[in-house]
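Counting convention: from 1, in listed order, for ligands and their atoms alike. Remember, predicted model here, so these are calculated numbers, not experimental data.
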Amino acid sequence: DSSDVVDIENYVKANHAEPNKKYFGAAKGRNVIYISLESFQNFLINYKLDGQEVTPFLNKLTHDKNTFYFDNFFHQTGQGKTSDAEFMMENSLFPLPKGAVFTTKAANTYQAAPAILGQKGYTSAVFHGNYKTFWNRDEMYKSFGYDKFFDANYYDMSPENTINYGMEDKPFFKESMPYLEKLPQPFYTKFISLSNHFPFELNNDPNFPEGDFGDTIVNKYFQTAHYLDESIEQFFNDLKASGLYDNSIIVMYGDHYGLSENHNKAMAKVMGVDEITPYINAQLQRVPLFIHVPGVKGKIDHTYGGEVDVRPTLMHLLGINTKDYITFGTDLLSKEHHELVPFRNGDYVSKEYTQISGECYSNPSGEKVDNKLCQDNDKVAKTVLELSDKVVYDDLLRFYTPKGFTPVKRENYDYTKDQT
Ligand code: GP9
Ligand code: MN
């Protein structure tokens, strides 16, 4: 009931990480462009197949002068996959241990990023080349306060443009540009890519050799990842040509793994190890996080973090305080950031240790160590997951309104009328 939310508020406030003065407000008033990199695992960055870089554009971006690239960043998704990642990025809450929060808890009260920014003059929009009911997005986005949702109906879904779940990434980003350019600024937008999705198929001949690891799925993963890389380059070029690039924060993240444990045999060859141990498998849950901030000097940042940490990071860059929001992650750029990444199943990776099924391993050697060394973090990981689940299962945010925030009215949003 409503007294639970007081305990949660107290916990969250006691664990708040103060923004880093160096970055707080550094991107005040900028547009925001999120890009969900479908199934993109971090091992692809700087990976070479027969001497050829798989993702040359993203590799270059890791050294871009205005870009933060986080190389110890992990996905924390459960069964809700892409939608779980979206949920964390915009709410700093964990998705559910079973099922997808998007399908079961879409009518809850949330205080999501689009709503927060909407009340500060931003127009928000999602772009995705699949139909709006997939993952119940058209219901959840209302609760998040998304003004607009450009779904499959806004794209040329003819066979040469589509495969698997919908639009291929190049025509998707191309056709999104005119809609994006017409949005009132500042805007908060999200682009959900699709081509690098299992079973990793393209309409046209891939412009990249396939792998030779004795596993068709793994072999083709490199081809669709390369295509995604080219699509991002094309999109960046279009953003530059439109003038939006210099006025926008661009956040790109891998939503979740692409290659499951069913492909461990081939993955051992990919990684050049004898076998994918539980420890290595946990390390493979790294996904890239890029944050391009115009006018701010970036770096390759080795901070450990996860998807739940991105919202406070972004908000602080935009100069918005997060202390009054129920937030389970901490700002990756804060000196008080917690370098602990709980996975949805209760395992975790921290800077020093990795805990898998109750076993404790030392980073980066992967050597098994005394379980006692993992106990403190274990308690914290279990606590935040439990508190976050309480918020979601009991819809507790309906009893808590952050200072200066007006509760979202779902009936104000309609994605069936013309979104242009
Ligand atoms: C479908 C896309 C892919 O719209 O988000 O979904 P996934 O299977 O990765 O959750
Ligand atoms: Mn996905």
Can you tell me which N/O/S atom of Asp255 has the shortest distance to the Mn ion (ligand 2)? OD2
Aromatic ring centroids of Phe70 and Phe290 under 6.0 Å? no
Output the list of atoms in ligand 1 that are nearer than 4.0 Å to some heavy atom of His256, sorted by atom number. 9 (O)
Only heavy atoms of Glu38, strictly under 4.0 Å: list the atoms of ligand 1 that pass. 3 (C), 9 (O)
Just do the side-chain contact (heavy atoms from CB on, under 4.5 Å) check on Tyr188 and Tyr146 with the steps written out, would you? CA-CA 9 Å; Tyr188 173 92; Tyr146 262 113; 3.3 Å; yes
State whether the side chain of His338 and the backbone N or O of Leu340 hold a donor-acceptor pair below 3.5 Å, judged by distance alone. no
Tell me: protein heavy atom nearest atom 2 (C) of ligand 1, and distance? Leu194 CD2, 3.6 Å
Here the atoms of ligand 1 under 4.0 Å from any heavy atom belonging to Phe134 are 1 (C), 4 (O)
Please confirm whether Thr82 comes within less than 3.5 Å of ligand 1 when only nitrogen or oxygen atoms on both sides are compared. yes
Any heavy atom of Trp135 sitting closer than 4.0 Å to ligand 1? yes
Under 3.5 Å between any N/O of His197 and any N/O of ligand 1: does that happen in this structure? yes
Contact (N/O only, under 3.5 Å) between Ser83 and ligand 1: no
What about Phe40 and Tyr257, are their ring centers closer than 6.0 Å? no
Counting backbone and side chain alike, does His256 bring an N/O/S atom below 2.8 Å of the Mn ion (ligand 2)? yes
Could you tell me whether the side chain of Asn203 and the main chain of Thr162 form a donor-acceptor pair under 3.5 Å? yes
Has Ser39 got an N/O/S atom less than 2.8 Å from the Mn ion (ligand 2)? no
Could you tell me which atoms of ligand 1, counted from 1 in the order shown, lie closer than 4.0 angstrom to a heavy atom of His128? 1 (C), 2 (C), 4 (O), 5 (O)
From the list Leu314, Ile192, Thr189, side-chain contact (heavy atoms from CB on, under 4.5 Å) partner of Tyr34 resolves to Leu314
Specify side chain, backbone, both or neither for Lys132, according to which of its non-hydrogen atoms lie closer than 4.0 Å to ligand 1. neither
Geometric cation-pi criterion, Lys148 with Tyr179: 6.0 Å, 45°: no
Between Ala106 and Asn136, what is the shortest heavy-atom contact and its length? CB-ND2, 3.4 Å
In the protein, which heavy atom is nearest to atom 5 (O) of ligand 1, and how far is it? Arg137 NH2, 2.7 Å
Could Lys240 and Tyr245 be counted as a cation-pi pair, given that NZ or CZ must be under 6.0 Å from the ring centre and within 45° of the axis? yes
Contact region, Asn130 to ligand 1, non-hydrogen atoms below 4.0 Å, reads side chain
Is the gap between the ring centers of Phe102 and Phe144 under 6.0 Å? yes
